[in-house]
Peer 1: 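For reference, the structure I am asking about is given below.
In each ligand, atom 1 is the first atom listed, and ligand 1 is the first ligand listed.
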Amino acid sequence: MITPVKFAVVGCGNIGSRHIAVVDSQENAVLNALCDIDPEKLTRYSSLYGDIPTYTSFDEMLEKSDVDVVNICTPHGLHAPMTIAAANHGKHVLVEKPMALTTREADEMIAAGERNNVRIMVVKQNRYNVPIALTKQALDSGKLGKIYMVLCNVLWNRHEGYYRDSSWRGSKELEGGALYTQVSHFIDLMIWWFGDVIQASSQIATLSHNIEIEDNGSARLVFESGVMGSLTWSTSVYNKNYEGSFTIIGENGTIKIGGQYLNKIDFWDVQSMPLPEDIAFVDKPNAYGGKYQGTSSNHDKVINEVVADLLNERHNTVEGNEGIKTIRAIEMIYGTQEGYPK
Ligand SMILES: NC(=O)c1ccc[n+]([C@@H]2O[C@H](COP(=O)([O-])OP(=O)(O)OC[C@H]3O[C@@H](n4cnc5c(N)ncnc54)[C@H](O)[C@@H]3O)[C@@H](O)[C@H]2O)c1
């Protein structure tokens, strides 16, 4: 592939607008097409970034635009059909998390990539957070010794308007559940560190919102490496996000990554690996116009790696065969519900 790598963004909403800004600022990338069913968003972003060609039809964009990569930033339920259509048109794909709503769909996406000889890459920007990358180093170097347990809390606020004002959030069919939206980042990281989820049991309930999906849940997990896990999630926290955290209990160390979005190290006691003194916690959250805050905004690093990968400079992207592991784990967690009294 030759520079600049040509991108299209489909879905110019909360996160699509971040993809647009990041591609625009990437040295070896160019934004050649925008697609959304909302013409107002197309006009806004096209004029902001220099009259980028716009399309209200995804099929038309695939037919007519000159692009190498399609960034899929639409609601979860559209990730699989749009990825498959883009791959069938010979386009590489960078799909937002969650990759899909079922492992069957994720399998079909991977197969479409292989059939058409294009890459299916998945956004996992939290892997670049400073505390997360440092923890990965500690784990990979064996400094923590045998890992016994990981505790994960995703305790966030999503106000009623977050669901009410969206055509797809809160819908069982289009969003699937909070594990797909808020928690999939955290599940990906635990799998990256400890291997596939091989056992799960869960409880979920809808306690504070008028929605079809759960807003509170907890699960006990076992990972391939034998690590025992506990996962607690809520979108019912009062007023604002409280915490997105991991605590790792190992033979030779304890780590707690905390902050609201995995942006701080709250505790670090690792044998022969002290916390570097000059560490800079630089990760910023994705902030959606004061409405709510998500996890880190390291999308610039994701796009940077996609460009470097397609230019054959290095290979650090997360591909479909990794993305599918999170979907499989989510299906397992939802599939093992113990029931919750009404
Ligand atoms: N990596 C992250 O941290 C992160 C953060 C936010 C969202 N996301 C993911 O990105 C996706 C979108 O989330 P969002 O918050 O931006 O949602 P959003 O509702 O703000 O944006 C979705 C956009 O898709 C457009 N759209 C819907 N149907 C379409 C179609 N058929 N063709 C073209 N455009 C269409 C909508 O008009 C809207 O502009 C979700 O899957 C979400 O999980 C990831």
Side-chain angles (χ1 to χ4, degrees), residues 8-22 33-46 54-62 65 70-83 85-86 93-101 105-106 121-129 132 154 156 158 161-171 173-189 213 235 241 244 260-263 283-289 291-303 318 323 326-327 330:
V9 172
V10 53
C12 303
N14 288 317
I15 209 63
S17 58
R18 174 94 183 118
H19 281 246
I20 293 168
V22 162
L34 296 175
C35 173
D36 202 292
I37 47 173
D38 180 345
E40 188 275 320
K41 284 181 186 155
L42 290 177
T43 308
R44 189 186 333 151
Y45 291 113
S46 173
T54 62
Y55 302 86
T56 48
S57 154
F58 185 57
D59 290 339
E60 192 189 343
M61 187 195 84
L62 290 178
S65 66
V70 178
N71 295 15
I72 297 181
C73 305
T74 47
H76 310 348
L78 294 175
H79 291 184
M82 284 184 160
T83 296
V93 168
L94 175 65
V95 61
E96 262 298 348
K97 57 61 34 184
M99 178 181 179
L101 286 174
E105 284 178 332
M121 297 166 281
V122 189
V123 175
K124 300 285 185 190
Q125 86 274 14
N126 290 275
R127 291 189 183 195
Y128 299 102
N129 289 20
I132 299 295
V154 188
W156 281 352
R158 292 294 180 267
Y162 167 87
Y163 295 106
R164 191 193 51 230
D165 301 340
S166 166
S167 56
W168 60 277
R169 291 198 181 96
S171 147
E173 189 190 341
L174 296 174
E175 184 174 3
L179 288 182
Y180 290 101
T181 307
Q182 283 81 24
V183 190
S184 59
H185 290 293
F186 295 79
I187 297 174
D188 168 67
L189 294 172
I213 61 171
T235 56
N241 289 352
Q260 290 183 23
Y261 52 96
L262 302 173
N263 51 310
D283 308 299
K284 297 273 180 292
N286 272 318
Y288 305 108
K291 292 178 284 182
Y292 66 99
Q293 266 189 6
T295 49
S296 84
S297 67
N298 283 332
H299 282 74
D300 52 337
K301 303 195 176 65
V302 174
I303 301 287
V318 178
T326 299
I327 310 306
I330 292 174

Peer 1: Need the ligand 1 atom indices (1-based, order shown) with element for anything under 4.0 Å from a heavy-atom of H185.
Peer 2: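 Once the distances to H185 are compared, the set is 1 (N), 2 (C), 3 (O).
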
Peer 1: K124 near ligand 1, heavy-atom distance under 4.0 Å?
Peer 2: no

Peer 1: Which is closest to atom 2 (C) of ligand 1 by heavy-atom distance: K41, Q125, M82?
Peer 2: Q125

Peer 1: Who's closest to atom 20 (O) of ligand 1 heavy-atom-wise, of V123, T56, N14, L78?
Peer 2: N14

Peer 1: Have T235 and Y162 got a donor and an acceptor in their side chains that come within less than 3.5 Å?
Peer 2: no

Peer 1: Can you tell me if N129 uses its side chain to pair, donor with acceptor, with the backbone of L262 under 3.5 Å?
Peer 2: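 Yes: the side chain of N129 pairs with the backbone of L262.
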
Peer 1: Out of curiosity, is R18 lining ligand 1, as in a heavy atom under 4.0 Å away?
Peer 2: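 So R18 does not count as touching ligand 1.
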
Peer 1: Nearest to atom 27 (C) of ligand 1 by heavy atom, P75, G16, G13, P98: which?
Peer 2: P75

Peer 1: With the threshold set at under 4.0 angstrom, would you say Y180 reaches ligand 1 through any of its heavy atoms?
Peer 2: no

Peer 1: Which atom pair, heavy atoms only, marks the closest approach of T56 to I37?
Peer 2: O-CG2, 4.0 Å

Peer 1: Would you say H76 and E105 are linked by a side-chain donor-acceptor pair, where the criterion is simply a distance under 3.5 Å?
Peer 2: no

Peer 1: Is there a donor-acceptor contact under 3.5 Å from the side chain of D38 to the main chain of D36?
Peer 2: no

Peer 1: Counting only heavy atoms, tell me which of V122, I37, I72, V302 gets closest to atom 26 (N) of ligand 1.
Peer 2: I37

Peer 1: Looking at every non-hydrogen atom in both residues, tell me the closest pair between T181 and K97 and how far apart they are.
Peer 2: O-NZ, 2.8 Å

Peer 1: Taking the six-membered ring for Trp and the single ring otherwise, decide whether the centroids of Y180 and W168 are under 6.0 Å apart.
Peer 2: no

Peer 1: Among the heavy atoms of S166, does any lie under 4.0 Å from an atom of ligand 1?
Peer 2: no

Peer 1: Determine whether the side chain, the backbone, both or neither of E96 has a heavy atom under 4.0 Å from any heavy atom of ligand 1.
Peer 2: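 Just the side chain.
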
